[in-house]
Amino acid sequence: MRVLLTGGAGYIGSHTALVLMERGHDVVVLDDFSNSSIEAVRRIEELGGRAVQLVTADLADPAAARAALEGIDFDAAIHLAGLKAVGESVAQPTRYYRVNIDSALVLLDLMHERGVTKLVFSSSATVYGDPTVSPIDESQPSGVGLTNPYGWTKAMIEQIIRDTRAARPELGAVLLRYFNPVGAHPSGRIGEDPSGIPNNLMPFIAQVAVGKRERLSVFGDAYPTPDGTGVRDYIHVMDLAEGHVAALERIEPGVEAYNLGSGTGSSVLEVVRAFEQASGRPVPYDIVPPRAGDVAEVVADPSKANERLGWSTTRSLAEACADSWRWQSTNPGGYAG
Ligand code: UDP
């Protein structure tokens with residue numbers, strides 16, 4: 001297949017592009033490089049041993065996106081482009097709704113115009129809000145009582161895709177609800193390159209281990225979890241990338257949501273220890289008050305993806321830490337050097 005990857009130069013996109021290439025698919029990366037680097041595309045080509053077709057455009061701008069994709073054919077789209085920082089979305093709601101919703105609308109219209117019927121959407125476990133059960137499966141309510149605009153954009157785009165399919169029965173879409181993606185390609189050549197202070201746990205820990213930041217702040221140690229710190233389901237980004245390809249290759253008309261997670265929860269302190277072990281470096285930390293909007297535990301029940309996509313995670317948290325450390329220690333400044 002010839003696959004359009006929107007946001008294909010980003011963290012998830014770059015790893016997914018590589019797995020697609022390894023499976024024999026052709027990749028068209030569309031990115032505006034607002035939060036990614038062209039160096040990532042160069043490295044995907046180097047690792048994949050093949051060229052990537054690159055389209056530089058802002059997908060939220062219909063005229064620009066249409067012009068940039070003129071004459072470029074694709075059989076399916078994996079939609080990853082969008083803004084993704086929870087805190088920033090609270091401070092800049094209109095920007096988040098405009099960019100994320102408009103990008104999805106433009107892509108759906110473009111797919112319709114081109115007769116493209118296969119779509120994989122990058123959703124998030126955040127659509128479950130503050131889950132009352134753990135592990136959580138896809139039958140649990142989603143898009144209810146969410147606490148930030150970022151999460152609402154994911155839930156709204158899921159609904160937009162369902163409505164689009166109702167009007168266009170040939171459309172086949174999968175909504176992939178990611179848990180906590182971590183790690184990097186085992187080569188250490190591509191990985192997560194957050195701009196500014198990382199919001200997420202593992203890139204922050206990696207920057208402490210490499211000496212770029214002094215100490216980790218652990219957000220709360222009085223949650224009802226075994227050691228009191230928050231529990232999440234960390235999934236190696238290569239497992240996540242393989243999940244996209246498994247979903248894409250099995251798409252049928254209709255809309256299906258899948259949890260992409262490991263099914264295993266790890267606490268903040270367990271991640272700290274695993275990273276110390278993998279890196280051989282200390283990760284000093286302070287316990288600070290909980291972060292607003294955080295919940296105690298979010299763990300996937302990935303049975304549906306295991307059974308219907310023939311996919312499951314194969315990489316451990318220890319491997320994710322080792323791969324993340326390889327990327328961080330050999331690229332301390334990210335793609336910029
Ligand atoms: N966390 C932390 N310190 C940090 C960043 C995150 O203690 O600097 C905790 C956070 O409270 C949560 C877990 O690490 O329990 C994962 O947070 P992250 O932001 O990576 O992902 P989230 O699950 O919030 O999407």
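In each ligand, atom 1 is the first atom listed, and ligand 1 is the first ligand listed. Any value given below was found using the heavy atoms of this structure, including those in side chains, with hydrogens, waters and symmetry copies removed.
- Of all atoms in ligand 1, numbered sequentially from 1 with element shown, those under 4.0 Å from a heavy atom of Gly230 are 15 (O).
- Under the 30°/60° scheme for interplanar angles, the aromatic rings of Phe275 and Trp325 are found to stand perpendicular.
- The shortest contact between atom 20 (O) of ligand 1 and any protein heavy atom is with Leu201 N, 2.8 Å.
- If you number the atoms of ligand 1 from 1 as listed, the ones under 4.0 Å from a heavy atom of Asn199 come out as 5 (C), 19 (O).
- Close contacts between ligand 1 and Val218 involve ligand atoms 7 (O) [criterion: under 4.0 Å to a heavy atom].
- Of the listed residues (Asp233, Val268, Val182), the one carrying the non-hydrogen atom nearest atom 9 (C) of ligand 1 is Val268.
- Comparing Phe219, Phe179, Tyr178 by heavy-atom distance to atom 7 (O) of ligand 1, the nearest is Phe219.
- With rounding to the nearest 0.5 Å, the separation of CG in Leu171 from NE2 in His112 is 9.0 Å.
- Of the options Gln277, Met202, His236, a side chain to side chain contact (heavy atoms under 4.5 Å, CB included) to Cys321 is made by Met202 and by none of the others.
- A distance of 12.5 Å separates CG of Leu260 from CG of Asn180, quoted to the nearest 0.5 Å.
- Using a 4.0 Å cut-off between heavy atoms, Val271 makes no contact with ligand 1 at all.
- Proximity to Leu216 (heavy-atom distance under 4.0 Å) selects the following atoms of ligand 1: 3 (N), 8 (O).
- Of the protein's non-hydrogen atoms, the one nearest atom 24 (O) of ligand 1 is Arg291 NH2, 2.9 Å.
- The protein heavy atom nearest to atom 18 (P) of ligand 1 is Asn200 ND2, 3.5 Å.
- Only the backbone of Ser217 comes within 4.0 Å of ligand 1, counting heavy atoms alone; no side-chain atom from C-beta on gets that close.
- Atom CG in Asn259 sits 9.0 Å away from atom OG in Ser303 (nearest 0.5 Å).
- Under the side chain to side chain contact (heavy atoms under 4.5 Å, CB included) test applied with Arg177, the options Pro302, Ser124, Ser123, Ser122 reduce to a single match, Ser123.
- The nearest protein atom to atom 21 (O) of ligand 1, hydrogens excluded, is given as Asn180 ND2, 3.1 Å; this is a heavy-atom distance.
- The protein heavy atom nearest to atom 11 (O) of ligand 1 is Asp294 OD2, 2.5 Å.
- The neighbour count for Arg23 CZ, taken as heavy atoms of other residues, nucleotides or ligands under 6.0 Å away, does not exceed 12.
- With hydrophobic clusters built from ILVMFWY side chains whose heavy atoms lie under 4.5 angstrom apart, Val106 does not share a cluster with Val99.
- Residue-ligand proximity: Tyr285 is placed with every non-hydrogen atom at 4.0 Å or more from ligand 1.
- For atom 23 (O) of ligand 1, the nearest protein heavy atom (residue, atom name, distance) is Arg232 NE, 2.6 Å.
- To the nearest 0.5 Å, atoms CZ (Arg250) and NZ (Lys118) are separated by 13.0 Å.
- When all heavy atoms of Tyr150 and Thr153 are compared, the closest pair comes out as O-OG1, 2.7 Å.
- Remark: minimum distance from atom 13 (C) of ligand 1 to any protein heavy atom is reached at Tyr234 OH, 3.5 Å.
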